[in-house]
Amino acid sequence: MSVRVRFAPSPTGYLHVGALRTALFDELFARKNNGKNILRIEDTDRARYNAESEQEFIESLKWVGIDFDEGPHLGGPFAPYRQSERKEFGIYAPILKRVLEEGIGYKAFDTPEELDEMRLTQQINKQPTGYFGGEWRDASPEKVAEAESEGRPYVVRLKVQRGKRIVIDDAIRGRIEWDSNLVDDPVLIKADGMPTYHFAAIVDDHLMQISHVFRGEEWVSSAPKHVELIDQLGWERPMFVHCPVIVGKTGKKLSKRDGATRVLDYMAKGYLANPLKNFIALIGWSPGDNREELSPQELIDSFDIKGLQASPGKFDIDKLNWLNGSAIRQMSATDLRKVLLEYVESPVTQGYWQTYEYDPESGDPAVDGDRTLETLNLLAEAAKSRHDYCDAAIGLEQERVQRLADFGEACSFFFEDTPTMHPDAVKKWFGQPHVKNMLHELSQEVASRSCSKPEEFEAVLRNWQTSNGFEKLGPIVHPVRVALTGRTFGPGLWELMEVLGNEKVAKRLELARSLCF
RNA sequence: GGCCCGGUCGUCUAGCGGUCUAGGACGCCGCCCUUUCACGGCGGAGAUCGCGGGUUCGAGUCCCGUCCGGGCUACCA
């Protein structure tokens, strides 16, 4: 049997990282088994439909590097791939006809009010809630015909066979079974004629020859309804793979309080697609050995349903940050420059930082959105014209950066006319008596000797140290760092001076004198 | 309330009856490297495997119970 899997989101909003993982498992499984990965849009709920959503899904998935073989944007042998269109094409009608003719389902004319009342009664009597019969499951054909002739709205429900066990064999959890007396009759077709998920997804999976259904574990409780429908229609059951969900710190479904849930926000923050993929895959899945960093190809090669976890996993931003930082460190400065330029110019990045508001609860570094965007744009400007200078700056900062966004602030002093001074840094070093004069002499020396190599800069500072009787280099090096970069941390001083160049170094040294106190 | 699912270091996990005095990774702490911050290297703390009973010569690994957490309980998906 050939492997065909599908990712079937409802276009109600953006792509959530939890959903991304299901999509990723679909992709990995399909690629590993030379199968097909299909995108299907489940837009049967007109009330929650969001027109921009589908594009957002496609853009997000494409960014992460999840590719489809068939879908609304690609076409394919089972088109259309949107359920609303499939409905228009009359794809569900013949099957609905069968359902009604063969008594697999029945028309139910209950009003929403009647249903509410029924549920209330069930709750009061501590009975399972749901539609287990009502007055329509076994209504006479005459009664149904009468209701229909009166023009009363109705839904079509599945007639779940009573008095048996419904058993599924889940790829992760194994055998799961239910008492069919406790499985209520689900609505297959809504009063507006639209199929529900329970009907459309099952029909489409069958028609599209889906072999494995990867979906979130929130679906296991409706699985008996699905296999009941499939069995009654005499179709072959796909293998169900109910994936554990990703949860937040509280143990509940990942929510905004746990950080970003929108996939594109991760792009905007400067996460790279590969480490994100790597990270998401590793929540609830393990290659079985001790590898932690896997390339997209390695992910595919080692993917196996057996490595899937049954228990939910927490989203640990620290691990993502480590993975992302590591990926950044492994790139060449030139590649990074190109990636960075594309990243900064993306409307997603620009839009995100323009409206960014720091939330201490989110686990994000405390940064200012406007400042981030400003420094990022400065970097992008340089990335376009001054390739060598830009590469050198990136090369010096890449080992202390975790996200692309961090490059803005980290590299800022390379691109600003005068570095932005951190008050604490100034306070710490510029109050010492020797500093004001030292900066002046150093500036003169650097200029007159036209230093350009790291060793030459080093020689100048060491010289000044010995001739002024300082035992250690610290009192010289630290104030100079502040004068040149505005802060107390950063790349090696000599390397940084080389990149900045003789002229800028001399100028900044001189300029900083005014800040001494 | 009912029905399902889950439960190994703070977190993600390895483990598939004996090699587990429970391994790896992130995070944390310390040391080294060093002009700072990082990176890197080395080392450390951290899990009696939710709990209680069995089965067995032997259980994290099998069975039962129990507790806790989660999901579903819509004409949403």
Side-chain angles (χ1 to χ4, degrees), chain A residues 8-12 42-45 47-48 108 110-112 115-116 119 122-131 153-157 170 172-173 176-179 182-184 186-198 200-201 215-224 242 244-245 247 249-253 279 282-293 306-307 309-323 325-326 329 396-402 410 425 458 461 472-478 480-482 485 487-494:
Chain A
S10 277
T12 56
E42 310 226 325
D43 56 348
T44 54
D45 183 357
R48 296 203 306 156
D110 313 80
T111 63
L115 258 17
D116 286 344
R119 261 191 297 275
Q122 287 168 333
Q123 278 166 5
I124 291 169
N125 295 321
K126 298 189 173 178
Q127 292 167 328
T129 53
Y131 200 87
Y154 65 88
V155 300
V156 176
R157 287 181 184 271
D170 183 85
I172 298 177
R173 292 152 220 275
I176 307 174
E177 49 176 274
W178 293 262
D179 177 348
L182 267 20
V183 177
D184 69 323
V187 171
L188 263 19
I189 305 292
K190 305 176 212 176
D192 66 358
M194 270 295 200
T196 62
Y197 175 91
H198 300 306
R215 48 162 38 165
E217 70 174 334
E218 67 269 26
W219 288 106
V220 329
S221 40
S222 32
H242 289 106
V245 295
V247 298
K249 294 169 189 66
T250 55
K252 300 194 180 170
K253 247 188 220 172
F279 171 69
L282 249 28
I283 304 178
W285 174 78
S286 155
D289 50 40
N290 283 337
R291 284 178 297 163
E292 300 285 341
E293 295 188 84
K306 285 188 178 66
Q309 200 81 12
S311 55
K314 288 205 172 81
F315 188 93
D316 178 16
I317 192 74
D318 283 335
K319 188 141 188 176
L320 207 213
N321 285 337
W322 169 71
L323 242 16
S326 177
R329 269 172 255 132
L396 287 184
E397 290 290 355
Q398 76 182 112
E399 69 192 27
R400 71 205 89 230
V401 157
Q402 290 188 314
E458 182 176 358
L461 298 227
K472 291 191 172 168
L473 201 54
I476 293 88
V477 124
H478 296 309
V480 169
R481 171 182 300 283
V482 176
T485 71
R487 50 208 195 203
T488 57
F489 51 87
L493 229 210
W494 326 131

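Worth saying up front: this structure is predicted, and the values here are computed from it rather than measured. Naming convention: chains lettered A, B, ... in sequence-line order (proteins, then strands); numbering from 1 in each chain.
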Novice: Evaluate the side-chain contact (heavy atoms from CB on, under 4.5 Å) criterion for residues Glu293(A) and Leu323(A): first the C-alpha distance (whole Å), next the side-chain angles of each, then the deciding distance (0.1 Å), finally the verdict.
Specialist: CA-CA 7 Å; Glu293(A) 295 188 84; Leu323(A) 242 16; 3.7 Å; yes
Novice: Who are the side chain to side chain donor-acceptor pair (under 3.5 Å) partners of Asn125(A), not counting sequence neighbours?
Specialist: none
Novice: Using Watson-Crick or G-U wobble geometry with both distances under 3.5 Å, which nucleotide pairs with G1(B)?
Specialist: U73(B)
Novice: Return the value, rounded to whole Å, for the distance between atom CH2 of Trp322(A) and atom P of C26(B).
Specialist: 5 Å
Novice: May I ask you to verify if any side-chain N or O of Lys190(A) is less than 4.0 angstrom from the OP1 or OP2 atom of C76(B)?
Specialist: yes
Novice: Which value, in whole Å, describes the distance between the C1' atoms of nucleotides U8(B) and C16(B)?
Specialist: 14 Å
Novice: Can you list everything that forms a side chain to side chain donor-acceptor pair (under 3.5 Å) with Arg329(A)? Sequence neighbours excluded, please.
Specialist: none
Novice: Using the C1' atom on both, measure U11(B) against U19(B) and round to a whole Å.
Specialist: 28 Å
Novice: Return the polar atom pairs (N/O with N/O) between nucleotides 20-24 of chain B and the protein under 3.5 Å, or none.
Specialist:
from: G24(B); atom 1: N2; to: Glu292(A); atom 2: OE2; distance (Å): 3.1

Novice: Counting only Watson-Crick or G-U wobble pairs whose two distances fall under 3.5 Å, which nucleotide matches C42(B)?
Specialist: G30(B)
Novice: Under a 3.5 Å cut-off for both distances, is C57(B) Watson-Crick or wobble paired, and to whom?
Specialist: G18(B)
Novice: Return the nucleotide paired to G6(B): Watson-Crick means purine N1 to pyrimidine N3 with N6-O4 or O6-N4, wobble means G-U with N1-O2 and O6-N3, both under 3.5 Å.
Specialist: C68(B)
Novice: Measure from the side-chain N and O atoms of Arg173(A) to the backbone N and O of Ala310(A), and report whether any donor-acceptor pair falls under 3.5 Å.
Specialist: yes
Novice: Using a cut-off of 4.0 Å between protein heavy atoms and nucleotide atoms, how would you tag nucleotides 28-39 of chain B 5' to 3' with B, S and -?
Specialist: -------BBBBS
Novice: Using whole Å, what does the distance between atom P of nucleotide U13(B) and atom CZ of Phe279(A) come to?
Specialist: 10 Å
Novice: Could you pull out the closest heavy-atom pair between His198(A) and Pro186(A), with the gap in Å?
Specialist: CD2-CB, 4.0 Å
Novice: Base, sugar-phosphate, or nothing: which does Arg173(A) touch, judged by heavy atoms less than 4.0 Å apart?
Specialist: sugar-phosphate
Novice: Could you tell me how far apart Asp179(A) (CG) and C4(B) (P) are, to the nearest whole angstrom?
Specialist: 8 Å
Novice: C42(B) and U48(B): how far apart are their P atoms, nearest whole angstrom?
Specialist: 28 Å
Novice: Counting only N and O atoms by type, is there a donor-acceptor contact under 3.5 Å from the side chain of Lys190(A) to the main-chain atoms of Thr44(A)?
Specialist: yes
Novice: Atom CZ of Arg215(A) and atom C1' of C76(B): how far apart are they, to the nearest Å?
Specialist: 14 Å
Novice: For Tyr197(A), enumerate each residue passing the ring-ring contact (aromatic ring centres under 6.0 Å, His included) test, keeping only those at least two apart in sequence or located in another chain.
Specialist: Trp219(A), His226(A)
Novice: Excluding sequence neighbours, so at least two apart, what forms salt bridge (Lys or Arg N to Asp or Glu O under 4.0 Å) with Asp316(A)?
Specialist: none
Novice: Using whole Å, report how far CH2 of Trp178(A) lies from P of G2(B).
Specialist: 18 Å
Novice: Reading nucleotides 61-74 of chain B from the 5' end, what letters show protein touch, with B for base, S for backbone sugar-phosphate only, - for no heavy atom under 4.0 Å?
Specialist: ---------SSSSS
Novice: Could you give me the CA-CA distance, side-chain angles and deciding distance for Val477(A) and Trp494(A), then say whether side-chain contact (heavy atoms from CB on, under 4.5 Å) is met?
Specialist: CA-CA 10 Å; Val477(A) 124; Trp494(A) 326 131; 3.7 Å; yes
Novice: With rounding to the closest Å, how many angstrom separate the C1' atoms on G27(B) and G71(B)?
Specialist: 29 Å
Novice: What is the nucleic acid contact for Thr12(A), judged by heavy atoms within less than 4.0 Å: base, sugar-phosphate only, or nothing?
Specialist: nothing
Novice: Can you check nucleotides 44-48 of chain B for protein contacts, nitrogen or oxygen pairs under 3.5 Å, and list what you find?
Specialist:
none

Novice: Could you walk me through whether Val480(A) and Leu461(A) pass the side-chain contact (heavy atoms from CB on, under 4.5 Å) check?
Specialist: CA-CA 9 Å; Val480(A) 169; Leu461(A) 298 227; 4.0 Å; yes
Novice: Using the C1' atom as the reference point in each nucleotide, state the distance between U66(B) and A74(B) in Å, no decimals.
Specialist: 33 Å
Novice: Suppose we screen for side-chain contact (heavy atoms from CB on, under 4.5 Å). Which residues come up paired with Thr129(A), at least two apart in sequence or across chains?
Specialist: Arg119(A), Gln122(A), Gln123(A)
Novice: In whole Å, measure the gap between the P atoms of G60(B) and G41(B) for me.
Specialist: 34 Å
Novice: In whole angstrom, what separates Asp316(A)'s CG from G27(B)'s P?
Specialist: 9 Å
Novice: For Lys319(A), which residues count as a side chain to side chain donor-acceptor pair (under 3.5 Å) partner, sequence neighbours excluded?
Specialist: Glu292(A)
Novice: Using a heavy-atom cut-off of 4.0 Å across all strands, would you classify Asp110(A) as base, sugar-phosphate, or nothing?
Specialist: base
Novice: Of the non-hydrogen atoms in Val155(A) and Ala191(A), which two are nearest, and what is the gap between them?
Specialist: CG1-N, 3.7 Å
Novice: Looking at residues at least two apart in the chain, or sitting in another chain, which of them share a salt bridge (Lys or Arg N to Asp or Glu O under 4.0 Å) with Asp110(A)?
Specialist: none
Novice: Please enumerate all residues that pass side chain to side chain donor-acceptor pair (under 3.5 Å) together with Thr12(A), with sequence neighbours excluded.
Specialist: none
Novice: Please report the distance separating the C1' of C49(B) from the corresponding atom of G44(B), rounded so that it comes out in whole Å.
Specialist: 22 Å
Novice: State the pairing partner of A25(B); accept Watson-Crick or G-U wobble contacts with both distances under 3.5 Å, and report none otherwise.
Specialist: U11(B)
Novice: Taking the P atom of each, how far is G70(B) from C64(B), in whole Å?
Specialist: 25 Å
Novice: side-chain contact (heavy atoms from CB on, under 4.5 Å), that's the test. Do Val187(A) and Arg157(A) meet it? Break it down for me.
Specialist: CA-CA 4 Å; Val187(A) 171; Arg157(A) 287 181 184 271; 3.7 Å; yes
Novice: Taking atom P of U13(B) as reference, at what distance in whole Å does atom CG of Leu323(A) sit?
Specialist: 14 Å
Novice: Nearest nucleotide by nearest heavy atom, which residue falls closer to the 5' end of RNA chain B, Ser311(A) or Leu182(A)?
Specialist: Leu182(A)
Novice: Given atom CG of Leu188(A) and atom P of C76(B), what is their separation to the nearest angstrom?
Specialist: 12 Å
Novice: Between Pro195(A) and Ala310(A), which residue's closest nucleotide on RNA chain B lies nearer the 5′ terminus?
Specialist: Ala310(A)
